[in-house]
> 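First, the structure itself, so that you have it in front of you.
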Amino acid sequence: MDSVQKIENKWQKYWQEHHTFEAKIDKSKEKYYYLVEFPYPSGAGLHVGHVRSYTALDVLARKKRMMGYNVLFPMGWDAFGAPAEQYAIKNHIHPSKAVAENIKTFKAQIQKLGISFDWSREFSTTDPEYYKWTQWQFLQFFKHGMAYKAKKNINWCPKCKTGLSNEDSSGGVCERCGTQVVQKEKEQWMLRMSDYAEDLIEGLQDTDFQERTKLAQINWIGKSTGAEVDFPLKQVSEKLTVYTTRPDTLFGVTFMVVAPEHPYIDLYSGLIQNMNQVIDYREQANKKTEFERTQLVKDKTGVKLEGLSAINPVNGKEIPIYISDYVMMNYGTGAIMAVPAHDERDYEFAQKFGIPIIQVLEEETGEKHEDETSKESIVAIVYDKENDKYLTINWKNNGGRLFVGGTMKEGEDPISCAIREIEEETGYSDISFVRSGFKINHHYYAYNKNRYFNIEATPLLFKLNSDERKKQNLDEDEKFDVEWVTKDIVEKEIHDELHSKSFQYVMTPGAMCDDGIHIHSDVLDGLSKKEAIDKIISYLEEKNLGRRKTNYKLQDWIFTRQRFWGEPIPLIYCEECGWVPVSEEDLPVLLPDVAEYEPTDDGESPLARISEFVNTTCPHCGKPAKRETDTMPNWAGSSWYWLRYMDPHNDKEFVSREALDYWGKVDWYNGGMEHATRHLLYARFWNQFLYNIGLVPNKEPFKVRASHGMILGEGGVKMSKSLGNVINPDDIVSTYGADSLRTYEMFIGDYEKEATWSEQGLNGCKRYLDKVIRLGEKVNDSDHYSSELEKDIHKTIKKVTEDIDDLKFNTAISALMILLNKMEKMNSISRADYHTYLTLLNPIAPHLTEELNEVYQLGKPLCESEWPKYDENKLIDEEKEIAVQVNGKVRATILVHINDSDETIREKALQEANVIKHVEGKEIVKVIVIKGRIVNIVVK
RNA sequence: GCCCGAAUGGUGGAAUGGUAGACGCGGUGGACUCAAAAUCAACUGGUAGCGAUAUCGUGUCGGUUUAAUUCCGACUUCGGGCACCA
């Protein structure tokens, strides 16, 4: 046989010359569209991670073709972006040249792997024939009012000298270079993506994305429901509107906070007496990067606005207003009502600034009952710092371990009640009050009084000063031991809900954010959280004080970058007519062929320096006008590329209706988990927009979304240049062959999880393929399955077919290995045995199997053959070995026939010597016979 | 902090209520060879035993079940996503 390299070249050539994988619209066949994220053709070349996902989809595509589907499996290049531009700046060549070089390398590398891409549909996002239509689609956004220019505080990367979307600067650092992002005010083109927030959530129902992908999208969109509430200002007849998800806590508002950028600060600067201080603070906040503001400095800071205050619309109370950077201008209204009792952040702020905390929600414990008697009480926790112990009273069988508790007497406050109770019950009196926690609403039944009680209990913490002890003053029925115990014992032995909750409240002070019942809230008293939210919103709407409101974290898409290497935005600014779109026949607006790609320091695009580009005439009135010089973000080109694949050479339309109607949705889209939020959201948004204006037939572009796990270097670390552990697929192909690499990457483990590269593992797969080759020497003349193998072959067809569909490539290969091991033990195998074997292996190792199929003249090329079928009747085992358990432990195995009755199986099981040994002298309680699986004998 | 996922031999991993460790790698002693590589055949979770066998064992603790890696509850660790979003 020829060398591996020779064989692989031969078949790659065959497929190319026979246009084997080129898809044509064929209405007699069912279509299937596989899409794998197109790569950014970087100078580093192909990575073994690319090989994994391309091979996986290739396996699916090859199998699907053999099953008779018309498969579209295209590939292209996402080639706009910073690295090509950086490379061009450094080497003084046009980015398009660098891109062309890289594409050439990438393509050659991919072709050496034998991936069955339809290369006739190849394009790059940087081709003018492609970006013409990206520009055209942008104009559709513009014409439908979906694109607007806005002066925005944007995330600015000082190193890349460009604006970034929120998505590109998550974590406060530039996605590209890791530099901390600063805020800069700039005019930007925006796409109204936030209008689609709800549709983007709902559309997920029409997809079969993995649950984790759906969740990531939903989280990113960040829907929250609540209300806007108008707080009248005291000094002027204007309102400060806030957004809250907890309007039910309106009666607990003790202050308000506005973002440093809030317009009211300048608007009412005349009223604010400490304006200097406020301005100082605002400047400090502005200097902080988004990263510092949101990630690092969680310490609350702020300044009170002296001379400006608000009125709580539901109770008329005057409320101070603060500015603080924990409130963001770009979410909600840029102002909040603060309820420190029931919001963690407000709690922290209130603690720091000494603002009162009003509890309006009580946690409820115990079971509610009719005819309860109400009273106020306390739970007192005394801490002995010296011994690190807590004072408890142990009621033993009459109620277990508790803290000191008691009922407040007429006119008594919680602290004095607690001091009295502690002394009466335990004798300790040299104590001092530390703090109290939120009140708890507790329901219980008192056996000694035969009554139901509903108490409002205040938990209190005291510290012990000395163990000086007076005589206890106990009632007749109070029989308990006073014991000091550790925190451990408290947590283990105090089961009473009220007491353990009390302990939690006083030991870890913080806001109470759980559900409960409302107090001090007028019309809301007694209601639960959900009931109260509904009621207060209706109340606010009725009185015109507020309204129901849904908010999303998802913001509009900042669609401009101040860079050279991107699609020019096809708009012209005319003094007379404003922003005017370039007319369609003038598209594409080409990137000029110049030598200056450096971004400018003032934040303008490099295109702004090129006067031949900038200066033009208005398409509307013909007067001199200027082009937009910003370009589109990286994500633009990848937001519709799957549509272009359907009809890549169309110069009349972005894609023909015929192609859209035939190829429809992408049936299976594979990509990295890192694109589960941004790219996938942009692409879905773009598609939904095209659908809404009638340009595409489906609202959702993708049916299934799968993602591959990363491949790590040996030792489980990320492959990186600096560690020197990057595996170059070319090296592997030339030493082991593409088929070995493909097989190994499919065998390495769960496709969706990360996997560790191992050269030894790769070698094992090479050995396996060598065995497949040697198996050919055993082929005889028979055209029927060998009788000893028939059953195994049918089982393997079933297993491989199902496993590939489930992306369980590793177990599919394992099944093939098992069948091979069996075939190797035979003196000879039939042509049919071998042919089926090679066909099953073909999607995974296409070159080798084609060659063997030809060498042994088993039939036409496998790429033109049908996928093998299995016969259900041939899968059934006449006899099977099953386990016999006694009390759940395997004691023997027995051979059972398919027709054996439960009774026969039971008899067989009970005759086994080792079973008799374990059953002897015991009573058989039950014998469980599960047909074809197990016998379990239960004895006593 | 919140949300999601994972944890199984020396190792990558199988098994989704029914004989835990399929398959691969590695290892051990053997065959072939002057020798090595390649290849072939055997063994390979721990402990005890010559062995039949017994016993322990799927991150930890508890529960449901005739039976739990698998289901339920609590926890630990690791990975991923989001994060002052009101």
> Return the nearest nucleotide to the side chain of A/T245; candidates are B/A86, B/G26, B/C23.
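For the A/T245 side chain, the nearest candidate turns out to be B/A86.
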
> How would you label the contact of A/T756 with the nucleic acid (heavy atoms, under 4.0 Å): base, sugar-phosphate, or nothing?
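Contact class for A/T756: none.
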
> Sugar-phosphate means primed atoms, P, OP1 and OP2; the rest is base. With that split, encode nucleotides 48-70 of chain B 5' to 3' as B, S or - using protein heavy atoms under 4.0 Å.
-----SSSS---------BS---

> With sequence neighbours excluded, tell me which residues meet salt bridge (charged side-chain N to carboxylate O under 4.0 Å, His left out) with A/R684.
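In terms of salt bridge (charged side-chain N to carboxylate O under 4.0 Å, His left out), with neighbours along the sequence ignored, A/R684 is linked to A/E700.
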
> Give me the residues of residues 743-752 of chain A where at least one heavy atom lies under 4.0 Å from an atom of RNA chain B, by number, or none.
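Under 4.0 Å from RNA chain B: A/F747, A/I748.
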
> Among residues at least two apart in sequence or on other chains, which ones pass side-chain hydrogen bond (donor to acceptor under 3.5 Å, both in side chains) with A/H342?
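Residues passing side-chain hydrogen bond (donor to acceptor under 3.5 Å, both in side chains) with A/H342: none at all.
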
> Heavy atoms, side chains only, cut-off 4.5 Å: are A/M673 and A/R212 in contact?
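They are in contact (side-chain heavy atoms under 4.5 Å apart), so the answer is yes.
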
> What nucleic acid atoms does A/N763 come within less than 4.0 Å of, heavy atoms only: base, sugar-phosphate, or nothing?
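Here A/N763 touches no strand at all.
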
> Under 4.0 Å between a side-chain N or O of A/S224 and OP1 or OP2 of B/A86?
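For A/S224, the contact criterion (side-chain N or O under 4.0 Å from OP1 or OP2 of B/A86) is met.
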
> Would you say B/A86 has OP1 or OP2 under 4.0 Å from some side-chain N or O of A/Y331?
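Yes, within the criterion.
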
> What's the base orientation of B/G9: syn (chi within 90° of 0) or anti?
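Nucleotide B/G9 adopts syn.
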
> Looking at every strand, decide which applies to A/T893 at a 4.0 Å heavy-atom threshold: base, sugar-phosphate, or nothing.
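Answer is base: heavy atoms of A/T893 come under 4.0 Å of a base.
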
> Please list, one pair per line, the donor and acceptor atoms closer than 3.5 Å that link side chains of residues 807-814 of chain A to other protein atoms, with sequence neighbours excluded.
unit_1: A/T811; atom_1: OG1; unit_2: A/D803; atom_2: OD2; d: 2.8
unit_1: A/T811; atom_1: OG1; unit_2: A/K808; atom_2: O; d: 3.1

> Can you name the ring pair (Phe, Tyr, Trp, His ring centres under 6.0 Å) partners of A/Y552, sequence neighbours left out?
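With neighbours one apart ignored, the set is empty.
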
> Name all residues meeting the ring pair (Phe, Tyr, Trp, His ring centres under 6.0 Å) criterion together with A/F349; count only those two or more places apart in sequence or in a different chain, and write none if there are none.
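A/F255, A/Y322, A/Y326, A/F353.
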
> Charged N to carboxylate O under 4.0 angstrom, A/E37 versus A/R705?
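Looking at A/E37 and A/R705, the cut-off is met.
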
> I want to verify a distance call: between B/G18, B/C40, B/A86, whose nearest atom is closest to the A/I934 side chain?
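Closest nucleotide to the A/I934 side chain: B/G18.
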
> Between A/K822 and A/D792, does at least one N-O distance fall below 4.0 Å, as a salt bridge requires?
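Here A/K822 pairs with A/D792 in a salt bridge, since their nearest N and O are under 4.0 Å apart.
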
> Which parts of residues 821-829 of chain A get close to RNA chain B, meaning a heavy atom less than 4.0 angstrom away?
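Close to the strand are A/N821.
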
> Among all residues two or more places apart in sequence or in another chain, which pass the salt bridge (charged side-chain N to carboxylate O under 4.0 Å, His left out) test with A/K791?
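Checked A/K791 against salt bridge (charged side-chain N to carboxylate O under 4.0 Å, His left out); matches are A/D877.
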
> Applying a 3.5 angstrom cut-off to the pairing atoms, does RNA chain B sit in any stems of at least three consecutive Watson-Crick or G-U pairs? List them by first number.
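Consecutive-pair runs (3 or more) involving RNA chain B: B:1-7 with B:76-82, B:10-12 with B:23-25, B:26-28 with B:42-44, B:45-48 with B:53-56, B:59-63 with B:71-75.
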
> Can you work out whether A/I882 or A/N219 has the more 5'-proximal nearest nucleotide on RNA chain B?
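Looking at the nearest nucleotide for each, A/N219 comes out on the 5' side.
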
> I'd like to check the side-chain hydrogen bond (donor to acceptor under 3.5 Å, both in side chains) partners of A/Q210; sequence neighbours left out, ordered by chain and number.
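Counting only residues at least two positions away or on another chain, A/Q210 forms a side-chain hydrogen bond (donor to acceptor under 3.5 Å, both in side chains) with A/T213, A/S707, A/E752.
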
> Indicate, with a heavy-atom threshold strictly under 4.0 Å, whether A/G332 touches base, sugar-phosphate, or nothing.
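Since no nucleic acid heavy atom lies under 4.0 Å of A/G332, the category is nothing.
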
> Does A/K766 have any salt bridge (charged side-chain N to carboxylate O under 4.0 Å, His left out) partners at least two apart in sequence or in another chain, and if so, which?
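A/K766 satisfies salt bridge (charged side-chain N to carboxylate O under 4.0 Å, His left out) with A/D770 once adjacent residues are dropped.
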
> When the C1' atoms of B/A31 and B/G18 are compared, how many Å lie between them, rounded to an integer?
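One C1' to the other, the span is 41 Å.
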
> Between A/R547 and A/E228, does any side-chain N to carboxylate O distance fall below 4.0 Å?
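Answer for the salt bridge query: yes.
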
> Work out how far the C1' atom of B/A35 is from that of B/U39, and round it to whole angstrom.
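Rounded to whole Å, the distance is 16 Å.
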
> Establish, from distance only, whether the side-chain atoms of A/S224 and A/Y243 form a donor-acceptor pair under 3.5 Å.
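There is such a pair (donor and acceptor under 3.5 Å, judged by atom type) between the side chains of A/S224 and A/Y243.
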
> Which is more 5' along RNA chain B, the nucleotide nearest A/D346 or the one nearest A/R774? Just name the residue.
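Checking each residue's closest nucleotide, the 5'-ward one belongs to A/R774.
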
> So, does A/K352 use its side chain to make a donor-acceptor pair with the main chain of A/K300 at under 3.5 Å?
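Pair found, side chain donor or acceptor close to backbone of A/K300.
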
> Please give the distance between the P atoms of B/C3 and B/G10 as a whole number of Å.
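Going atom to atom, P in each nucleotide, I get 35 Å.
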
> Which part of the nucleic acid, if any, lies within contact of A/E881, taking any heavy atom under 4.0 Å across all strands shown: a base, the sugar-phosphate backbone alone, or nothing?
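Base: the residue A/E881, judged by heavy atoms under 4.0 Å, touches a nucleobase.
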
> Measure from OH on A/Y736 to C1' on B/G24 and round the result to the nearest Å.
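Value for this atom pair: 15 Å.
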
> Think A/R767 has a side-chain N or O under 4.0 angstrom from the OP1 or OP2 of B/A38?
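For B/A38, neither OP1 nor OP2 has a side-chain N or O of A/R767 closer than 4.0 Å.
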
> I'd like the P distance from B/G17 over to B/C71, given in whole Å.
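It works out to 8 Å between them.
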
> Could you tell me if A/Y744 and A/D739 have a donor-acceptor pair between their side chains, going purely by distance under 3.5 Å?
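Not at all, the side chains of A/D739 and A/Y744 share no donor-acceptor pair under 3.5 Å.
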
> Just checking A/K808: base, sugar-phosphate only, or nothing, at a heavy-atom cut-off of under 4.0 Å?
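It contacts sugar-phosphate atoms only.
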
